[in-house]
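Structure, as structure tokens:
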Amino acid sequence: MNDVTDPRPTGTDFIRQIVATHVREGRYGGRVVTRFPPEPNGYLHIGHAKSICLNFGVAEEFGGRCHLRFDDTNPETENIEYVRAMQDDLRWLGFDWGEHLYFASDYFERMYECAVTLIRKGLAYVDSSSEEEIREARGTVTEPGRPTAYRDRPVEENLDLFARMRAGEFPDGAHVLRGKIDLSATNMIMRDPVFYRIRHAHHYRQGDDWCLYPLYDYAHCLEDAFEGITHSLCTLEFENNREIYDWILDNVGFAEPRPHQYEFNRLALDYTVLSKRKLIRLVRDGHVAGWDDPRMPTIAGLRRRGVPPEAIRLLAELVGVAKSNSRVDPGKLDFAIREVLNHEAPRVLAVIDPLKVVLTNWEAGRVEELTAPYWPHDVPREGTRPVPFSGELWIERDDFSDDPPKGFRRLAEGGAVRLRHAYVIRCDQVVRDADGTIIELRCSVDEGTRGGGGGARKGLGTIHWVSVPHAVDAEVRLYDRLFVVADPDDVPEGGDFEVHLNRESLPTPSVAKVEPSVLTDDPSTRYQFERKGYFWRDPVDGLGERLVFNRIVQLKDTWRRQAEGDRAAPPAPAPAGAAESPRSESEDRPRTSTERKAARVADPDLAARMQRYSDELGLTPEDADVLTGSRTWSDFFEAALRVHSDAPAVASWMVNDLRGVLEGRELSELPFQGKALGRLTRMVSDGEVSRRAAKEVLERMAHTGGDPAQLVDELGLGRVADRDELGGVADRVLARWSAKVAEYHDGKTGLLGLFVGEIMKETGGAADPVLARAVLLERLGTRGR
RNA sequence: UGGCCCGUCGUCUAAUGGCAGGACACCGGUCUUUGGAACCGGCGGUGGUGGUUCGAAUCCACCCGGGCCAACCA
């Protein structure tokens, strides 16, 4: 009996599912080309890292490639320093774009030619209005825009003006090139967007060759098309921009398969800001020491702090890719860092807040060299270093307590503790100064306790230490989070995110005592200071004579926790006169109740039908509403009704099922008509097919059209309602899923759905589900195990 | 206020009409010369209301909540 064990698929994100589908269907001849398109006007941050991992990751997984393209279309904010720094960070993160390094500014000539094409087609015009006039004429979300005085300029004039704009005949702002699209579009972006503006500015790469610069919406899609990008991945705030992306590529004349844009959620991390604007302010206002300040969420900052690139890639994997606006707990980054470093970092002893211990029974001047392994028993790596032990030691101040709380496993007066890699000591006496501050502990060592043989000492705590005469002084920087609230952007109106800055994020310098072995190590070593956290030498301030360690992340500390309590067809250019109100996307398929209501107000016949549908035909008000939102829908419904008069049933099929198979098409684009739906619903009512089988037929009809009865035959979906036949199927299913049957009998009755589903699959959807269910219940009920 | 997008454990994310699963966090335990790691166990979720269906997180309607859009930024 082949029992089935959970063959449930493991999920991949929606972007990869789309790409996988395209590859499988050969959409781009199997090619996958993505791109990472930063604007060189700041530093890359961890939010970019997610996008980088997605773009390069998808390309690699599907055997494609990912381009690095600097989107340098704005001469006023971009410069070469940022270009260099970004490439540096990208390489450090572990990504390679090979020979595919591009600059948007290198495409200026081709973009210009595309604009000329649009002007010739009457799809773009030179507007000589002022910036304010254009803004004002654009309207608002509730009011349509109005044409400016230049919207109907003749093509020849536009061509001439545009050429002179390029030639530098006009000052900044004198003219602008706009798409001639739709001033009453509900999508504000489609209200004649500006494509080009005049800027007499020096471009860091193109010099003074241009004084005409393209804007994002115009430029980006063309850059993608020029490079043969297949999947243009960007963040959710560009969803509204997809319509212009498609408009431009279609109208310039890029035929399918051309690039398409897909949007995913950007990374937002709690307790930081991840917007270039705000990051720039932190730097400019001096709240941080620079782009690479270890507290910064920039790649440069994380890198300087000591975070390994693998950890950032792991974080990207952990947070996933979806479309919900989400905020990630920084604890997830901490976890990723520890996860990587646990298997990488050698352990070393360092005391951060030292307290002296004098061993009273250790011979003066005696030094013992201990051999200590770099990694704990559970990390499969080898290596040791010598650690000197003497009669004077530094231990951590909080490893001693005057008044030990319950469960305290460290040192207390009269108590014992194990020194890591060394001996057990007992505290005999506490030495205080005049203020009562503890300045020294006098302890005795138990020389018999060295090494692993501390049988009698179980239950004892272990603390870290450093020999006083051998200790190396080092500055340790214990950075704290930059902001004091989870969402620094959440400020009252008129407020500023900087009010949430953590004034104590910069550590007060402290001198730590570190074991001497670190002096001979590679200065880029990332250590774990046992019991304290992961550290490495600051690559800017701490590589010379001076030892400066940055704390990368703390260790988990359950004791402290406990102790402290606890996502088009080109529309014809709109007429010069503006409409009364913003025009809806589709007259054919009104989506909202507001649109449907408006349709009925405009068409009294529809209103009358609404009335009749609910009063005479017995439809629910909701169904009547949906079916009278447009003539198309209503006519379709009435056509179906002439074939099959069960109005509520036909209505239900239209409202609940037909919409699902449209896949973005209009009703008029379906390869079948109302009559066909009427025939299908009649077959269901007559019991010739199960409802479920009918849904499959409907889906087929939506793709290829065809006669329902014929399709039922072809697909073998004639209803199976034979009790014996279903019984046989049920037996096979239950046998195959014996483990689940056992769970069912243990009370997991939700599994009945699984069994019914299996019978439906086995019969290709032809079984009568009601009967199947009954047959199953019979068997499950009488054959309890 | 109009359009578009999104609502699943505290957080991030699967389930594509058929078993609500994973990760982080949290709690408990085992082990431990790191109060680390590892291992075992636990807690905890489909925004609401109706509808369609044998069966709804998933499809439909309405409501609620959140995000984006009225730059000559990207």
Side-chain angles (χ1 to χ4, degrees), chain A residues 6 8-11 13 17 39 41 71 73-74 77 131 134-135 138-143 145 172-173 176 185-189 191 194 196-199 213 215-216 220 236-241 243 263 265 270 276 318-320 322-329 331-332 335 338 342 347 376-379 407 409-410 418-422 451-452 454 457 460-464 528 530-531 555-560 562 567 581-582 584-585 593-594 620 622-623 625-626 652 655-657 659-660 691-692 740 743 748 750-758 760 768-774:
Chain A
D6 277 291
R8 275 181 285 183
T10 132
D13 61 75
Q17 287 181 29
E39 182 191 13
N41 69 343
D71 201 4
T73 56
N74 186 351
T77 58
E131 196 172 338
I134 291 177
R135 182 165 45 235
R138 187 141 33 216
T140 66
V141 290
T142 50
E143 301 159 53
D172 288 5
V176 96
T186 48
N187 181 354
M188 297 295 297
I189 289 171
R191 320 245 268 225
V194 174
Y196 272 98
R197 61 189 170 141
I198 299 172
R199 278 290 175 281
Y213 290 94
L215 264 17
Y216 175 84
H220 204 90
L236 291 177
E237 66 269 27
F238 291 96
E239 279 174 323
N240 293 322
N241 304 62
E243 196 174 354
E263 312 85 16
N265 58 352
D270 275 345
K276 249 189 275 189
L318 290 173
V319 303
K323 296 190 77 161
S324 66
N325 297 102
S326 55
R327 300 191 61 86
V328 173
D329 182 332
K332 215 146 196 158
F335 166 80
R338 289 186 199 115
N342 180 39
R347 272 60 167 178
H377 61 94
D378 52 356
V379 175
R409 291 203 272 134
R410 309 176 188 182
R418 161 144 245 136
L419 295 178
R420 176 115 241 228
H421 306 302
R457 303 283 186 159
L460 217 54
T462 301
I463 65 172
H464 57 284
Q528 182 193 102
E530 294 211 35
R531 303 209 308 136
L555 249 36
K556 252 174 84 169
D557 186 349
T558 55
W559 164 251
R560 191 187 40 176
Q562 202 179 59
R567 177 168 152 165
S581 66
S584 101
E585 204 51 46
S593 61
T594 320
T620 62
E622 288 83 9
D623 285 0
D625 172 28
V626 171
S652 167
V655 171
N656 294 304
D657 302 291
R659 297 187 132 206
R691 204 191 133 90
R692 178 184 162 116
K740 295 290 184 185
E743 283 179 45
K748 202 172 172 185
L751 284 165
L752 185 59
L754 171 68
F755 303 141
V756 174
E758 288 299 309
M760 297 309 293
D768 176 353
V770 185
L771 186 60
R773 188 186 193 93

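Since the structure is predicted, the reported quantities are computational estimates derived from the model, not experimental observations. Naming convention: chains lettered A, B, ... in sequence-line order (proteins, then strands); numbering from 1 in each chain.
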Base, sugar-phosphate alone, or nothing: which one does [X] contact when heavy atoms must sit under 4.0 Å apart?
X        : value
A/Gly407 : base
A/Asp71  : sugar-phosphate
A/Glu758 : nothing
A/Asn265 : sugar-phosphate
A/Tyr213 : nothing
A/Asp378 : base
A/Arg347 : base
A/Thr73  : sugar-phosphate
A/Leu751 : base
A/Lys332 : base
A/Arg420 : base
A/Glu237 : sugar-phosphate
A/Glu530 : base

**Study point:** Protein-to-nucleotide contact annotation, 5' to 3' order, nucleotides 41-59 of chain B [B base; S sugar-phosphate only; - none; under 4.0 Å, heavy atom]
**Key:** ----------BSSBS---S
In whole angstroms, how far is the [atom2] atom of [N] from the [atom1] atom of [X]?
X        : N     : atom1 : atom2 : value
A/Asp557 : B/A37 : CG    : P     : 10 Å
A/Arg191 : B/C4  : CZ    : C1'   : 14 Å
A/Tyr196 : B/C72 : OH    : C1'   : 14 Å
A/Asn187 : B/G3  : CG    : P     : 12 Å
A/Asn325 : B/G66 : CG    : P     : 12 Å
A/Arg410 : B/G35 : CZ    : P     : 7 Å
A/Leu555 : B/A37 : CG    : P     : 7 Å
A/Leu754 : B/A15 : CG    : P     : 17 Å

Nearest to the [X] side chain among [options], which nucleotide is it?
X        : options             : answer
A/Asn240 : B/A25, B/C68, B/A14 : B/C68
A/Thr186 : B/G3, B/G36, B/G35  : B/G3
A/Thr142 : B/A74, B/G2, B/C69  : B/G2
A/Glu239 : B/A37, B/U34, B/C5  : B/C5

Does a side-chain heavy-atom distance below 4.5 Å link [X] with [Y]?
X        : Y        : result
A/Ile463 : A/Leu419 : yes
A/Val176 : A/Ile134 : yes
A/Asn241 : A/His220 : no
A/Arg420 : A/Arg531 : no
A/Glu530 : A/His421 : yes

Practice item. Could you tell me which residues satisfy side chain to side chain contact (heavy atoms under 4.5 Å, CB included) with A/Asp378, sequence neighbours excluded, listed by chain and number? Key: A/Pro376
In whole Å, what separates the [atom1] atom of [N] from that of [M]?
N     : M     : atom1 : answer
B/C9  : B/U49 : P     : 16 Å
B/G47 : B/U13 : P     : 14 Å
B/C6  : B/C72 : P     : 28 Å
B/C19 : B/A14 : C1'   : 14 Å
B/C43 : B/G65 : P     : 34 Å
B/U53 : B/A71 : C1'   : 50 Å
B/U11 : B/U30 : C1'   : 28 Å
B/U58 : B/C39 : C1'   : 37 Å

For a quick test of reading the model, state the closest non-hydrogen atom pair linking [X] to [Y] and the distance between them.
X        : Y        : result
A/Lys323 : A/Leu236 : O-CD1, 3.4 Å
A/Asn265 : A/Ser324 : ND2-O, 2.9 Å
A/Lys332 : A/Val328 : CB-CG1, 4.0 Å
A/Arg410 : A/Trp559 : NH2-CD1, 2.9 Å
A/Arg691 : A/Asp657 : NH2-OD2, 2.5 Å
A/Arg338 : A/Lys556 : NE-N, 3.7 Å

Review point. More 5' along RNA chain B: A/Asp625 or A/Ile189, using each one's nearest nucleotide?
Key: A/Asp625
Revision key, fill the gap. Of A/Gln528 and A/Asn41, the one whose closest nucleotide on RNA chain B sits nearer the 5' end is A/Gln528
Review point. Got a donor-acceptor pair under 3.5 Å from the side chain of A/Lys323 to the base of B/C5?
Key: no
Short side-chain N/O contact to [N] OP1/OP2 from [X], under 4.0 Å:
X        : N     : value
A/Ser326 : B/U13 : yes
A/Arg338 : B/A38 : no
A/Thr462 : B/U32 : no
A/Ser593 : B/C62 : yes

Revision key, fill the gap. One should read off an interatomic distance between A/Glu758 CD and A/Met760 CE, to the nearest 0.5 angstrom, of 11.5 Å
Review point. Does A/Tyr216 lie flat on the base of B/A74, that is, centres under 5.5 Å apart and planes under 30° off?
Key: no
Revision key, fill the gap. Secondary structure of RNA chain B per the Watson-Crick/G-U criterion (both distances under 3.5 Å; [ ] crossing, | other strand, . unpaired) is .((((((..((((....[..)))).(((((.......)))))....(((((..]....))))))))))).....
Check your understanding: With syn defined as a glycosidic torsion within 90 degrees of 0 and anti otherwise, which applies to B/A71?
Key -> syn
Check your understanding: Can you list the steps and then say if A/Gln528 with A/Leu555 is a side-chain contact (heavy atoms from CB on, under 4.5 Å)?
Key -> CA-CA 9 Å; A/Gln528 182 193 102; A/Leu555 249 36; 3.8 Å; yes
